[in-house]
K.L.:
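Sharing a structure, written as structure tokens. Questions coming.
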Amino acid sequence: MPPLQRGALPPVVGFIDMDCFYVAVERARDPRLLGKPCAVVQYPTGQRGRPDLRPEDDRWRTGGPMGGIIAVSYEARARGVTRQMSGAEAKKVCPEVILVQVPTAFGKADLQIYKDAGDAVVDLLASRCDATEKRSVDEVAIDITGAAEHLLASRAAAELGAAASAATHLADSALSVDAAKVTRSSARQGHDKQQSRDTSELADGWEEVLRRAASDPVAWRLIAGAVVVKELRQQVESTLGFTCSGGVATNKVLAKLGCGLHKPNQQTLLLPHAAPVLLKDLPLDRLPGLGGDFGQAVKSRFGVQSAGELLQVPRPDVLKQFPQRGEWLLALAAGDDSAAEAVKDRQLVKSLSNGKTFFGEKRLRSLEEVDYWLGELTGELHRRYLQQVEKHQRTPSTLQVSLTLDQKEHLTRQQPIQLGSQGTPEQILQTAKACARRAGAVSGVISLGLSLSNMIPLEASSASLSKFFGRKSEGAASKEKGEKPQEKAKAKPKEANLLGACFARAADLLVHRLNQRPGLESCPASEFRPAKGSRSGRGCFGGAPAEHPAGDSERAGPGAQVEEAPL
Ligand code: TTP
């Protein structure tokens with residue numbers, strides 16, 4: 001094994017994608033589903049007064065409207081059930097399919113059991129990784145450089161080679177290259193080649209890889225990384241009961257690409273020399289960041305379909321057409337490490353948000369209806385706010401309400417909120433209602449959103465206030481001295497004014513800070529709108545390098561646009 005020179009070598013990056021995740025979570029809760037064709041459906045919610053369906057309730061749907069499918073077990077996929085189907089359609093193609101409905105709370109889908117399961121996976125992975133970056137409810141990028149180096153130092157090369165080759169597909173094997181040719185949507189369905197487990201295929205190419213790795217420290221570290229990923233996957237399964245697929249490479253883009261080649265419960269190693277082979281015929285939409293409008297624009301601008309074809313376009317042409325993103329695009333198509341950022345360690349969410357759409361007859365027509373649904377959104381948001389307080393000792397300082405009207409007009413209003421550690425749903429609701437009233441238009445609301453953002457540490461929220469005012473609040477200080485607050489106020493009218501001025505200044509500062517945030521155009525507090533090109537803005541290119549996940553929004557319901565942020 002060649003000597004290791006850490007620092008000069010690229011990192012060892014893994015990517016973990018849980019298999020049919022919502023189904024797996026339901027199976028862990030209800031073993032009757034194990035091995036059976038089953039799917040998770042989301043039933044249209046949004047009717048007032050409908051009782052909640054708690055996680056522990058019987059959520060199997062056997063008749064009546066069955067909702068739309070959002071997760072499909074591999075057994076059901078093999079029988080023709082796909083995510084685009086309604087529950088009724090799935091029953092037609094596979095009468096024995098079991099449909100489990102997503103729990104509901106506060107009048108909408110309640111994804112908490114899935115989020116909790118995803119968090120448990122991240123916690124487990126974090127115990128052995130240098131960094132864990134949650135990419136979605138069921139995907140995690142991991143930096144396993146340290147763990148790989150540890151294995152290289154503590155286990156014999158032959159042992160590592162044997163363990164890696166017995167569990168890992170090579171990304172340039174014939175089977176992998178074939179699997180890479182299918183489109184993104186086909187890959188999502190779990191196609192035949194992706195699901196193949198031919199062990200002779202696994203062996204294909206490994207002898208050569210191990211021989212070459214003898215003089216290639218980058219390859220050796222990645223091979224050790226494959227063993228780390230194998231062990232982590234085993235640990236996730238034995239501890240939490242979920243299977244997952246894995247990828248290993250020198251960056252997040254390639255690791256994710258490798259991970260998607262063979263599912264479920266398999267893993268793939270993408271060594272640097274394999275990248276050009278794999279990328280040559282790879283449909284562009286399989287690359288992170290190119291699955292949406294931007295990928296479409298690239299394809300039609302140059303008349304290309306695959307990463308290999310894009311690389312044939314003269315470089316100056318690409319840079320001319322896409323001055324901002326051209327370099328990144330070419331690096332991405334070439335599988336170059338520069339196209340991906342380093343794995344970012346566990347980030348705390350920047351905001352808590354939820355929302356609900358009301359299409360057609362369901363659109364909201366009165367302030368009373370808006371208030372009702374703000375109340376429902378508040379209930380869920382309050383629960384998540386309490387989790388932030390408990391888990392991370394953080395509290396939000398801004399509340400925002402956003403409304404989309406049926407003429408597609410989008411209004412947002414926000415204002416500061418002080419919840420501290422014991423904020424109540426009522427506090428959130430009152431502030432939300434005040435924002436909604438400032439928005440004015442309440443007729444024909446087709447979507448309503450509520451978010452809490454600008455998270456600050458709890459101690460900072462109280463410390464900054466006392467520091468700001470330099471003493472305790474009027475009421476508290478007076479109480480300690482046994483004075484009536486009014487008397488104190490009477491005695492010190494100037495101070496009362498000063499206090500008011502301080503509050504006004506604090507609000508100004510907050511607004512100023514918000515205006516500095518990328519993605520928000522500079523405008524008065526009451527008029528915040530997402531800037532063009534921001535993640536939440538309209539008409540922005542999905543996957544442009546400037547866009548980064550800002551909230552903790554999880555995947556939405558059936559058919560929801562699941563646009564990836566670039567890795
Ligand atoms: P995916 O990772 O896309 O799919 P999956 O885990 O169900 O299946 P696979 O084994 O092919 O990776 O999505 C993860 C979960 O996110 C999925 O189980 C359900 C949820 N989801 C939605 O709610 N709506 C959607 O449109 C999609 C794509 C996923």
Side-chain angles (χ1 to χ4, degrees), residues 15-29 33 37-45 59 67-78 81-87 90 97 99-104 108-119 121-122 134-141 179 182-197 233 236-237 240-247 256-268 285-286 288 291-292 354-355 357 542 552-565 567:
F15 198 91
I16 298 291
D17 181 3
M18 308 309 294
D19 299 324
C20 53
F21 190 49
Y22 285 16
V23 169
V25 173
E26 296 296 350
R27 281 179 164 164
R29 301 178 62 87
L33 298 169
C38 54
V40 173
V41 290
Q42 192 163 308
Y43 183 68
T45 48
R59 292 185 282 111
I69 289 182
I70 55 173
V72 193
S73 77
Y74 280 79
E75 294 84 349
R77 291 180 203 198
V81 178
T82 68
R83 182 141 48 196
Q84 282 79 30
M85 290 177 174
S86 66
V97 70
L99 302 175
V100 184
Q101 194 198 312
V102 166
T104 60
K108 59 198 282 291
D110 178 11
L111 305 180
Q112 199 61 45
I113 53 172
Y114 314 113
K115 289 178 184 173
D116 288 346
D119 288 346
V121 172
V122 179
K134 194 172 177 187
R135 295 291 310 172
S136 75
V137 69
D138 77 331
E139 290 181 344
V140 196
V182 305
T183 60
R184 183 188 183 89
S185 58
S186 173
R188 277 194 177 286
Q189 302 311 331
H191 53 90
D192 294 347
K193 292 176 181 117
Q194 185 189 33
Q195 292 176 42
S196 170
R197 286 167 177 284
R233 289 178 43 239
V236 168
E237 186 174 3
L240 302 170
F242 309 132
T243 66
C244 57
S245 300
K256 177 177 165 111
L257 193 58
C259 179
L261 291 177
H262 301 284
K263 282 176 87 19
N265 202 11
Q266 297 169 75
Q267 66 178 55
T268 307
D285 67 1
R286 291 281 296 272
N354 64 6
T357 46
D552 72 337
S553 54
E554 301 285 358
R555 287 180 167 167
Q561 171 89 5
V562 180
E563 189 52 80
E564 276 175 299
L567 281 153

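Whatever order the structure lists ligands and atoms in, that order sets their numbers, starting from 1.
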K.L.:
Quick check on contacts: which atoms of ligand 1 are under 4.0 angstrom from a heavy atom of Asp19?
P.N.:
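Every atom of ligand 1 under 4.0 Å from some heavy atom of Asp19: 10 (O).
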
K.L.:
Do any heavy atoms of Arg83 fall under 4.0 Å from ligand 1?
P.N.:
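Arg83 counts as a contact of ligand 1 under the 4.0 Å cut-off.
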
K.L.:
Given the rule in the side chain to side chain donor-acceptor pair (under 3.5 Å) test, do Asp19 and Thr243 qualify, once you have shown the distances and angles that lead to the verdict?
P.N.:
CA-CA 6 Å; Asp19 299 324; Thr243 66; 2.8 Å; yes

K.L.:
Quick one: do Ile70 and Val41 satisfy side-chain contact (heavy atoms from CB on, under 4.5 Å)? Show the steps, please.
P.N.:
CA-CA 6 Å; Ile70 55 173; Val41 290; over 6 Å; no

K.L.:
Working note: Arg27 + Glu75, criterion salt bridge (charged side-chain N to carboxylate O under 4.0 Å, His left out); need CA distance, chi angles, decisive distance, verdict.
P.N.:
CA-CA 13 Å; Arg27 281 179 164 164; Glu75 294 84 349; 3.0 Å; yes

K.L.:
Under 4.0 Å, heavy atoms only, figure out whether ligand 1 is touched by the backbone of Val40, its side chain, both or neither.
P.N.:
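For Val40, no heavy atom sits under 4.0 Å from ligand 1.
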
K.L.:
I need the atoms of ligand 1 closer than 4.0 Å to a non-hydrogen atom of Cys20, numbered in the order shown.
P.N.:
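Per the distance check, 5 (P), 6 (O), 7 (O), 8 (O), 9 (P), 10 (O).
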
K.L.:
I need the atoms of ligand 1 closer than 4.0 Å to a non-hydrogen atom of Lys263, numbered in the order shown.
P.N.:
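Those of ligand 1 that fall under 4.0 Å from Lys263 are 9 (P), 10 (O), 11 (O), 12 (O).
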
K.L.:
Which atoms of ligand 1 are found less than 4.0 Å from any heavy atom of Tyr74?
P.N.:
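Per the distance check, 9 (P), 10 (O), 11 (O).
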
K.L.:
Are Phe21 and Tyr114 near enough that their ring centres are under 6.0 Å apart?
P.N.:
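No.
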
K.L.:
At under 4.0 Å between heavy atoms, which part of Ile70 makes contact with ligand 1: side chain, backbone, both or neither?
P.N.:
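Both the backbone and the side chain of Ile70 come within reach of ligand 1.
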
K.L.:
Please give me the minimum heavy-atom distance between Ala179 and Leu261, naming the atom from each residue.
P.N.:
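In terms of heavy atoms, the two residues are closest at CB-O, 3.7 Å.
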
K.L.:
Using salt bridge (Lys or Arg N to Asp or Glu O under 4.0 Å) as the criterion, point out the one residue from Lys256, Arg135, Lys263, Arg233 that pairs with Asp17.
P.N.:
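Between Asp17 and the candidates, salt bridge (Lys or Arg N to Asp or Glu O under 4.0 Å) is satisfied uniquely by Lys263.
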
K.L.:
Looking at ligand 1, would Arg77 count as a contact under a 4.0 Å heavy-atom criterion?
P.N.:
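Heavy atoms of Arg77 do come under 4.0 Å of ligand 1.
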
K.L.:
Looking at ligand 1, does any of its N/O atoms fall within less than 3.5 Å of an N/O of Phe21?
P.N.:
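Yes, Phe21 has an N/O under 3.5 Å of an N/O on ligand 1.
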
K.L.:
Counting from 1, what ligand 1 atoms have a heavy atom of Met18 closer than 4.0 Å?
P.N.:
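Matching atoms, with element in brackets: 6 (O), 10 (O), 12 (O).
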
K.L.:
Under 4.0 Å between a Lys/Arg side-chain N and an Asp/Glu carboxylate O for Asp119 and Lys134?
P.N.:
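A salt bridge is present here (some side-chain N lies under 4.0 Å from a carboxylate O).
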
